[in-house]
Undergrad: 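The structure is given below, and queries will be raised subsequently.
Here the structure is a predicted model, which means the values were calculated and not measured.
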Amino acid sequence: MPKMSGARLFAEMMQGYGVTHIFFVPAFMLKSFAEMEDMPIARIMVHGEKAAAYMADGYARASGRPGVCMAQMIGASNLAAGLRDAHMAGAPVLAISGGPTPQSRYKHAYQEVDDVTQFDVVTKFNAVVDQVGRLPDLVRQAFRVATSGAPGPVHLRIQGHLGQMTELEADLDPMVEATYRRAPAFRPEPEMERVRNALALLAQAKRPMIVAGGGVVRSEAQREVVELAEKLSIPVATALNAKATMPDAHPLNAGVPGAYSRDCANRALTEADLVFFIGSHTGGQVTNNWMFPPEGTKVIQLDIDPAELGRNYPNAVSILGDAKTALRHMIAGAGKPSAPAADWARRVQQLVADWRAENAEMRNADVAPIRPERICREISEALPPDGIVVSDTGHAGIWTARFIELKHPGQAYFRTAGSLGWGFPAALGVKCAHPGRPVVCFTGDGGFYYHIGELETARRHNINVVVVVNNNSALNQEIKLNEIAYGGKQRGRAEEMWRFPDVNFAKVAESFGCAGIRVEKPGEINGAIRNAVSMNRPVVVDVVSDMYAIAPHPWSSSGRDFHSYQKA
C-alpha cells in the first residue's frame, strides 16, 4: 500500500466516489481541502452547519449520490440537527465532524464536548475514526451504509477538533467500491409468490388505490408506478415526497393524501377497499395519523426495508424488494383491469374534478394582497418542462401539495420532511446536483429567515436558484393556535408570537449581490418568475401575500362517504 497522509487519502476517496460538492463550515480538514485543489470537487463554504447539512440533503435527494457536509467539533451539534430531515426523508448524506483526542478528554479543552451520541438517532451509522489507519475502511463503510437498503445519513467523527488526525501519514489504500457511489446500491428481487399474491388481490379489488411514497423516487420507479397503474386502471395518490411521480393532469392521479393534502385524495382512500403502499413509511403525515385508509382496509405493502412491512397496517401481502425491480415483475405478470376498475377510475376522476371546481376561485383570485393559491398556480404555469420545485414545510408544504401542478414528466419536486427553513439551502443543494435545470424554491418569509445569509453563498458560487417568498409578514400558521391558547380571541401583545414587520426581500437579495423582484399584484407573478428563471442568477421573487390566508385542514370523515357513487 502507498504511504500517504489521511488528508490525501480522503480527497482521493471523495473523488473516487464521484463526490462533486462538499458543503462545509471552516475550519476543518483543511489539508484535505488543499489536496482537492486540482480535483473536480466544488468546496462550498456556507454560513451555518445546519445549512450545510440541508444543502447536502438536497443534493443527495436530487442526484441519488451521497451528499457530503463537514464541520469542526464546535459545530457538530448544529450538523446533527441538520441531519434530522435527511434521516426522516431517507436521504444518503455523509456528515463528518471533528472530535476530542485522548489527551484532551476530561480537561476542559477549549470547545470540547463529547457529542458523538447526538448522531445516533439521526444516522444509520455513527462511527469514531480514532486512528488514521481506520480512515479507509470507515469511509468505505459510510458509503456502503448510506446507499444500501433504505438509504439514509451516516456520520464519521474524526479525531481532532479540526480533524488534525488526517494530517498523519500511514500505509493507506484509497480503495473505492463503485457499487456504493449512488443509491440504491442494490436492487433486491422480490419473492415471486408474493408478487403473484399481490396481483391476485389487486385483480379482485373493486376500489383499489396505489399510494406512491418517497421510496418510489429513491428507486427511480416513477415510470413503473405509472405503467402498472395504467395497465390495471388503478388510481394513484402520491405522498408529498413522490408528488412528481405522475403529472397532475393524468386521469389516474388522485393527488397528495394525508395531512398536507388534496381533499380528493383523502376521499378516494376513504372509499378504497384495497390500498397498495409502494416505498412508503405509512407514517402519520401521508395517512393523516392513520385515518386514510381507514382501519380495516385491506393493504399491500412493497418496501426495501423489512422493518417497514406491516409497521402501521396489517398487510394482506408484504413484498420485500426494490420498488423498480418488483414493479417490473408486477407489470409483466399483470392481466387486464378488473371489471369494476373503469367505474372506480371514473369515480376518482369525478372526486378530483369536484375538488378542482371547489378551489378554482382561489387559484384564480385576482386580489391584493395576493392569495397563496394564485402564487402556486403561477409557479405551475411558469415552471419549465425540466423544472424542479423545492418546498419548505408548514403552510408552504400544504400550498404546494394542493395547488402546484406538475405538468410534465420531466419535472421534479422535493420538500422538507419537517424542518422549517430547509427549503432554501436544500434548493441550493438541488441546483448543485442539477446545474443545468431550473430550480424554484417556494418558502414563506418565516422559513426564508432561517438561512437568509446563504444568499451570499448562492451569489459567490453562482448557484442560480429562484426563491419565491410567500411574504405575509407572519408565521400565519400560528394564528389559529394562538387564538385557541387565548380562549378564542387574541388580546394584548399576542401578535408578538407570530407577526413580523414588513420586509422587502427583493431589496435584501440585491444587498447580497443577487437579483430581487417585488410583486404586489397577481398579474405580475408569472412574468416575474419567467424573468427570474431566464436571468441565470440567484433571484428572490418577493410576493406580498395575504397574512390571513390560512391553509385548510385536511378533509376527514367519521365514516365512508360514498356520495353519489353507488357501484358495489
Side-chain angles (χ1 to χ4, degrees), residues 3-15 17 19 21-39 41-56 66-83 93-119 122-123 125-139 141-143 153-170 172 174 453-454 457 460-461:
K3 197 174 189 65
M4 65 173 67
S5 70
R8 180 67 193 181
L9 172 121
F10 181 82
E12 290 191 13
M13 292 189 75
M14 292 298 105
Q15 180 176 231
Y17 276 106
V19 172
H21 294 73
I22 296 178
F23 308 94
F24 71 99
V25 175
F28 183 65
M29 290 178 64
L30 295 181
K31 290 285 188 181
S32 290
F33 284 124
E35 294 284 1
M36 295 176 194
E37 184 62 35
D38 299 316
M39 297 179 179
I41 299 175
R43 299 159 297 188
I44 309 295
M45 182 185 74
V46 307
H47 296 289
E49 294 86 3
K50 279 183 72 178
Y54 291 163
M55 290 180 201
V68 181
C69 53
M70 300 169 62
Q72 60 173 289
M73 183 177 180
I74 190 62
S77 296
N78 293 334
L79 203 63
L83 291 181
V93 172
L94 170 56
I96 305 171
S97 66
T101 64
Q103 296 81 8
S104 67
R105 285 194 181 100
Y106 321 122
K107 298 175 70 174
H108 297 302
Y110 179 55
Q111 297 183 336
E112 184 165 301
V113 175
D114 197 356
D115 52 19
V116 68
T117 57
Q118 295 179 80
F119 291 88
V122 292
T123 60
F125 176 63
N126 180 24
V128 174
V129 187
D130 52 9
Q131 297 177 5
V132 71
R134 295 300 311 277
L135 194 59
D137 72 282
L138 288 173
V139 169
Q141 179 72 354
F143 277 92
V154 296
H155 171 249
L156 297 178
R157 189 179 79 176
I158 307 294
Q159 190 178 108
H161 289 204
L162 310 181
Q164 297 96 317
M165 184 204 69
T166 58
E167 298 175 16
L168 302 176
E169 288 191 346
L172 303 174
E454 303 306 336
T457 305
R460 178 167 26 98
H461 288 281

Undergrad: Would you name the heavy atoms of Cys69 and Ala52 that are closest together and state the gap between them?
TA: CB-O, 3.6 Å

Undergrad: Show your working on side-chain contact (heavy atoms from CB on, under 4.5 Å) between Leu162 and Leu30 and close with a plain yes or no.
TA: CA-CA 8 Å; Leu162 310 181; Leu30 295 181; over 6 Å; no

Undergrad: Take Arg105 and Glu112 through the side-chain contact (heavy atoms from CB on, under 4.5 Å) test and state the conclusion after the steps.
TA: CA-CA 8 Å; Arg105 285 194 181 100; Glu112 184 165 301; 4.1 Å; yes

Undergrad: What pairs with Arg460 under salt bridge (charged side-chain N to carboxylate O under 4.0 Å, His left out), at least two apart in sequence or on another chain?
TA: Glu456

Undergrad: With the side chain counted from C-beta on, respond yes when Phe33 and Met45 share a heavy-atom pair under 4.5 Å apart, and no when they do not.
TA: no

Undergrad: What pair of heavy atoms forms the shortest contact from His47 to Gly453, and how long is it?
TA: CD2-O, 3.3 Å

Undergrad: Mind checking the OH-CD1 spacing from Tyr17 to Ile41? Nearest 0.5 Å is all I need.
TA: 13.5 Å

Undergrad: So do Pro100 and Met73 actually touch side chain to side chain, heavy atoms under 4.5 Å?
TA: yes

Undergrad: Going by heavy atoms in the side chains, are Val154 and Phe119 under 4.5 Å from each other?
TA: no

Undergrad: How many angstroms lie between OG1 in Thr457 and CE in Met55, if you round to the nearest 0.5 Å?
TA: 5.0 Å

Undergrad: Considering the options Val128, Leu138, Val129, which one meets the side chain to side chain contact (heavy atoms under 4.5 Å, CB included) requirement together with Ile158?
TA: Val129

Undergrad: So, do Val19 and Phe143 sit near enough that their side-chain heavy atoms are less than 4.5 Å apart?
TA: yes

Undergrad: Answer whether the closest heavy-atom distance between the side chains of Gln72 and Glu49 falls below 4.5 Å.
TA: no

Undergrad: With Ser97 as reference, evaluate His161, His155, Arg157 under the side-chain hydrogen bond (donor to acceptor under 3.5 Å, both in side chains) test and give the passing residue.
TA: His155

Undergrad: Looking at side-chain heavy atoms only, is the closest gap between Ile96 and Phe24 below 4.5 Å?
TA: no

Undergrad: Quick one: closest heavy-atom pair of Ala95 and Leu83, and the distance?
TA: CB-CD1, 3.7 Å

Undergrad: Does the side-chain contact (heavy atoms from CB on, under 4.5 Å) test come out yes or no for Glu37 and Arg43, once each step is laid out?
TA: CA-CA 9 Å; Glu37 184 62 35; Arg43 299 159 297 188; 2.9 Å; yes

Undergrad: Taking C-beta and beyond as the side chain, do Gln159 and Pro102 meet within less than 4.5 Å on heavy atoms?
TA: yes

Undergrad: Give me the atom names and distance for the closest heavy-atom approach of Leu172 to Pro136.
TA: CD2-CG, 4.0 Å

Undergrad: Which value, rounded to the nearest 0.5 Å, describes the distance between Leu135 atom CG and Met165 atom CE?
TA: 5.5 Å

Undergrad: With heavy-atom distances below 4.5 Å as the criterion, would you say the side chains of Val139 and Met14 are in contact?
TA: yes

Undergrad: Among Gln15, Lys31, Met36, which one satisfies side chain to side chain contact (heavy atoms under 4.5 Å, CB included) with Phe10?
TA: Met36

Undergrad: Considering non-hydrogen atoms only, spot the tightest contact between Val122 and Ala80 and give its length.
TA: CG2-O, 3.8 Å

Undergrad: Met4 vs Glu12, test: side-chain contact (heavy atoms from CB on, under 4.5 Å). Steps then yes/no.
TA: CA-CA 11 Å; Met4 65 173 67; Glu12 290 191 13; 4.2 Å; yes

